[in-house]
Trainee: 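Okay, here's the structure, questions in a sec.
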Amino acid sequence: MSNHSSLPAIGWMCSYTPLELITAGGLQPIRISADGAAAPVADGYMDPNCCPYVKAMIGMGVQKNLRRLDGLVVVNSCDSMRRLYDIWKVHIPIPFLTFLEVPKRRDEEAVDYFTSQLEKLLQQMEEHFRITIDTESLSSSINELNRQRSDFLQVQEQMNNNSSSIKGSDLWKLAELILSGRKKDFDQLCKMYLKRPLPSSSQTSSSEPRLLISGNLIDQPTLFELIEKLEGKVVAQDTCTGLRHFSGLVEENGSNPLRAIAARYLHKPPCPRMSALDERAGILETTIDEMGIDGVIFSMVKFCDHHLYTVPFLQERLEKRGCPALIIENDYTWQNLGQIKTRIQAFIEMIRGKMQ
Amino acid sequence: MIMEFLSQMMANAEERMAGEYQAWWMYIRGLAGALYQAYEGSRPVVWTSLYAFPMELLAAFDVISFDLEMASNFLPVSDPKISEATLVAAETKGYSRDICSVHRMGLGGHFQGILPRADLILTSSFYCNGKHKMTEILSQYLQKPVTLLDVPNEDSPEAVSYVVRQLHDIVKKLEELTGSSLDPGRLREVVRYSNRARSIWGEVLELQKNRPAPWNGFRLSNVSILGNIFAGTSFQAEFYEQLVTDLKKKISKRNLPGESHRILWLTWPEGQPTLIPGFFLENGMTVPVSETGSLYWDPLDEKEPFEGMARKLLQNPFVGPAEQRITNITKLLDDFQIGGAVHFTQWGCRHSNGSIRLIGDTLAERGLPLLVLEGDLSDPRNYFPEKTRMKLEGFLEVLEKR
């Protein structure tokens, strides 16, 4: 993990981290990732049945591979992440460490409460980094992040077209650029993709099964590249760093930018941590209909309760509507790719059979 | 069949209430009776998580509280074959063996049709992520909305206010369900019962400081979790009063089993029958107190009952950072002159197991041993008696050498 700018770097892990606050303070948010590498050293800190991503982060922290970070914002994403914060606080020195509570409800009371949490975070950052985050800087930050999200979603829309040359792995790499703080590279690549003319509907072909990947985090392009080799087309990524991260804009030019930010994060397409299972199922169904999805692959890093609990229900619901769904698990390192390959191959062949 | 089983259980408990452990059998009679009422369904049945919900609020209404985690484990656990069949019912629907067996039991219980009807479904965001998700899934299968009581992981005025607003929303739902408004007089009475029970529980814990400890801590642990179903009722205070009487009698008779080692039991009461309590008894190991049995909350304020309930939730050692849990553990180590601790690790209980390192550090600083004992509350396939015995023997050796 490296910081591609000269600004103080703030690490984050969950798409519920309010990036607007970080950038408004002139700080550089960087999503920390071990690029799918295992961290056996973390076994001494975390139970074997805790999230491998969380363990990889602890491993990086303990092994001092995150020394370039000036701070870390941990969000209450899940039980494993709560414990990551506890362990970090005691065992991994870092100049600035904070824990942000994020409600699981999405009503007005929850937005009020989350706004109060953002106020606290803002104050903590101002005090620690000796900066001022005012309404103007917040508004400018909101506009910039909205622009980035819109650009990403436009590329996504373009990719959705069957004859588009943009592949699932390309979109993953595009997301990775902005998540790791490489804004210039992200902007350039977006521009390049968006300059390409959209093919007309008559130019579209339908030979490749159109797939939706739904799950938690995917920190390597391996899965997408595998699907592409098997002649499947990933047209949407409902993941922590895919559509769930980029969808939903913050209301601009409002009188209370903090509340607008709180509302956006709580109202964006929900992660299964939220109390919104029915809505989540509905969003998947709409995505399937609107994007002409032929099959869904639920991909999970192991021991992620939010997904483990809800995926069988979602699979059943989608299959009742005639959309086949496959569940695969990985240990964050994707060492079981061989086994996964066989299952995905069979899944794609099954869909292809249905399409003929 | 289930109601017959519960009737027998009640009758059996009533018979045994005349014996030495009167309070314990009062409690078992009460639990079986509460479950029986839920199946009988003569009043609106509210599904909730009794160990993680302000049960005082439900006690202020004419409803029957039902906890599907408790029920799904309480009934089949008497026979490992039934328990396994219930788990398999969930697993064949795709629910992974990596998720907590208690929740697989709840889901399996639904698929097997052994749960009573739900007129209202309430759940809370703590202790773990899984409980909320399981309840949400069941609400989808049942096509009944679920209300989440979202309890933040920080104790602050903003968090209290957020919880209080949600409690008022839940009152509205209960009013709609029962057709009656919340009676402030009844709520005051409920708060008084709750505070009275709290105070008597304090007496129970004081008696447990006796050497040897007069009561089996495994039962204490059970009561501290499942017994919350009676919070805010006169029964809870009556049962605790009887418990105090029983314990005083036991202490005065001076015929308690020997006590060589005082052990703090961390996390959950063991669910399925195991050799653990027998091993403790045979080897002079007592459990004066369990982590879940501590008196961590302030009395509720009659004038501000909603704020009081919210604070009680936020003060729970399992809410908030691991520090909150460790502060509670440290106090128990001191107050009960503990010589070592056993952390019962339920497979899939990520929020509690994730703190083991920090708890171990805390005990090590005090020169106290910690045994991490893998087990399973409900899944007989994850219980290995020989491995358990070997680990306990090793732990005993460490204790003996100190």
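Here is the naming used below: chain letters follow the sequence lines, and residue numbers restart at 1 for every chain.
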Trainee: What do the steps show when you test A:Y16 against A:Y265 for ring pair (Phe, Tyr, Trp, His ring centres under 6.0 Å), and what is the final call?
Mentor: CA-CA 6 Å; A:Y16 282 90; A:Y265 281 88; 7.0 Å; no
Trainee: With ring pair (Phe, Tyr, Trp, His ring centres under 6.0 Å) as the test, would you mind laying out the steps for A:H307 and A:F298 before giving the verdict?
Mentor: CA-CA 9 Å; A:H307 287 274; A:F298 288 107; 8.5 Å; no
Trainee: Which atoms of B:T147 come close to chain A, meaning under 4.5 Å heavy atom to heavy atom: side chain ones, backbone ones, both, or neither?
Mentor: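 The side chain, not the backbone.
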Trainee: Does any backbone or side-chain atom of A:D278 lie under 4.5 Å from a heavy atom of chain B? Answer side chain, backbone, both or neither.
Mentor: both
Trainee: Determine the option with the most heavy-atom pairs under 4.5 angstrom with chain B, choosing from A:T310, A:L277, A:V54.
Mentor: A:L277
Trainee: Between A:V111 and A:H267, is the side-chain contact (heavy atoms from CB on, under 4.5 Å) condition met? List the steps.
Mentor: CA-CA 9 Å; A:V111 174; A:H267 296 155; 4.0 Å; yes
Trainee: Between B:G130, B:S96, B:G94, B:G348, which has the largest tally of heavy atom pairs under 4.5 Å with chain A?
Mentor: B:G130
Trainee: Could you look at A:M274 and say if it's the side chain, the backbone, both or neither that has a heavy atom under 4.5 Å from chain B?
Mentor: backbone
Trainee: Heavy-atom distance under 4.5 Å to chain B: side chain of A:A110, backbone, both or neither?
Mentor: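 Contact with chain B: backbone and side chain both.
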Trainee: Just give me the residue among A:Q117, A:K302, A:M46 that pairs up with chain B most often, heavy atom to heavy atom, under 4.5 Å.
Mentor: A:Q117
Trainee: Please answer whether the main-chain N or O of B:V160 pairs with a side-chain N or O of B:E307 as donor and acceptor at a distance below 3.5 Å.
Mentor: no
Trainee: Yes or no on salt bridge (charged side-chain N to carboxylate O under 4.0 Å, His left out) for B:D376 and B:R97, after CA distance, side-chain angles and deciding distance?
Mentor: CA-CA 12 Å; B:D376 203 298; B:R97 281 183 72 173; over 6 Å; no
Trainee: Which one wins on heavy-atom pair count under 4.5 Å against chain A: B:N153, B:L107, B:D98?
Mentor: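 Most heavy-atom pairs within the cutoff with chain A belong to B:N153.
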Trainee: Quick one: is the NZ or CZ of A:R105 closer than 6.0 Å to the six-membered ring centre of A:Y113, and within 45° of its axis?
Mentor: no
Trainee: Can you sort out the partners of A:D305 under salt bridge (charged side-chain N to carboxylate O under 4.0 Å, His left out), two or more places apart, ordered by chain and number?
Mentor: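 So A:D305 forms a salt bridge (charged side-chain N to carboxylate O under 4.0 Å, His left out) with B:R350.
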Trainee: Heavy-atom cut-off 4.5 Å, strictly under: side chain, backbone, both or neither for A:E109 against chain B?
Mentor: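 Both backbone and side chain.
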Trainee: Looking at B:Q166 and B:D150, would you say the former's side chain and the latter's main chain have a donor-acceptor pair under 3.5 Å?
Mentor: yes
Trainee: Just by modelled atom types, is the A:A34 backbone N or O under 3.5 Å from a matching donor or acceptor in the A:Y332 side chain?
Mentor: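 A pair under 3.5 Å: yes.
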Trainee: Please identify each residue that fulfils ring pair (Phe, Tyr, Trp, His ring centres under 6.0 Å) with A:F99, with sequence neighbours left out.
Mentor: A:Y85
Trainee: Step by step, work out the side-chain contact (heavy atoms from CB on, under 4.5 Å) result for A:L100 and A:V74.
Mentor: CA-CA 6 Å; A:L100 179 72; A:V74 182; over 6 Å; no
Trainee: So which part of B:S156 gets closer than 4.5 Å to some heavy atom of chain A, the side chain, the backbone, both or neither?
Mentor: side chain
Trainee: B:E136, B:E158, B:E323: which one forms the most heavy-atom pairs within less than 4.5 Å of chain A?
Mentor: B:E136
Trainee: When only pairs under 4.5 Å are counted, which of A:P48, A:P103, A:S116, A:A281 shares the most heavy-atom pairs with chain B?
Mentor: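 If we count pairs closer than 4.5 Å to chain B, A:P103 comes out on top.
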Trainee: Can you say whether B:I356 sits under 4.5 Å from chain A via the side chain, the backbone, both, or neither, judging by heavy atoms?
Mentor: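 The side chain, not the backbone.
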Trainee: A:H91, A:K89, A:E329, A:R273: which one forms the most heavy-atom pairs within less than 4.5 Å of chain B?
Mentor: A:H91
Trainee: When heavy-atom pairs shorter than 4.5 Å are enumerated against chain B, which of A:D86, A:D112, A:V311 gives the highest number?
Mentor: A:D86
Trainee: Could you check A:M81 against A:L84 for side-chain contact (heavy atoms from CB on, under 4.5 Å), going step by step and ending with a plain yes or no?
Mentor: CA-CA 5 Å; A:M81 205 57 91; A:L84 172 139; 4.2 Å; yes
Trainee: Does B:Q324 use its side chain to pair, donor to acceptor, with the backbone of B:L314 at less than 3.5 Å?
Mentor: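 Confirmed, B:Q324 side chain pairs with B:L314 backbone.
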Trainee: Name, in order of residue number, those residues of residues 312-320 of chain A that have a heavy atom at a distance of less than 4.5 Å from a heavy atom in chain B; otherwise write 'none'.
Mentor: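 Residues A:P312, A:F313, A:E316, A:R317 are the ones that qualify, each having a heavy atom under 4.5 Å from chain B.
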Trainee: Evaluate A:D47 against B:R357 for salt bridge (charged side-chain N to carboxylate O under 4.0 Å, His left out), listing each step before the verdict.
Mentor: CA-CA 8 Å; A:D47 197 63; B:R357 167 65 193 255; over 6 Å; no
Trainee: Does the plane of the ring in A:H128 sit parallel, tilted or perpendicular to the ring in A:F96? Use 30° and 60° as the thresholds.
Mentor: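 The rings of A:H128 and A:F96 sit tilted, inter-plane angle from 30° to 60°.
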Trainee: Go through the side-chain N and O atoms of B:Q346 and B:S378 and say whether any donor and acceptor fall under 3.5 Å apart.
Mentor: no
Trainee: Is chain A contacted by the side chain of B:Y95, its backbone, both, or neither, given a heavy-atom distance below 4.5 Å?
Mentor: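 Both backbone and side chain.
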Trainee: What part of B:F318 is in contact with chain A, defined as an atom under 4.5 angstrom from a non-hydrogen atom: side chain, backbone, both or neither?
Mentor: backbone
Trainee: What part of A:S275 is in contact with chain B, defined as an atom under 4.5 angstrom from a non-hydrogen atom: side chain, backbone, both or neither?
Mentor: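 A:S275 touches chain B through backbone and side-chain heavy atoms alike.
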Trainee: Considering heavy atoms only, which positions within residues 358-374 of chain B lie below 4.5 Å of chain A?
Mentor: B:L358, B:D361
Trainee: May I have the step-by-step check of ring pair (Phe, Tyr, Trp, His ring centres under 6.0 Å) for B:Y127 and B:W268, ending in yes or no?
Mentor: CA-CA 12 Å; B:Y127 296 39; B:W268 324 121; 5.5 Å; yes
Trainee: When you measure from the centre of the six-membered ring of A:Y309, is the NZ or CZ of B:K131 closer than 6.0 Å and no more than 45° off the axis?
Mentor: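 No, cation not above the ring by the 6.0 Å, 45° rule.
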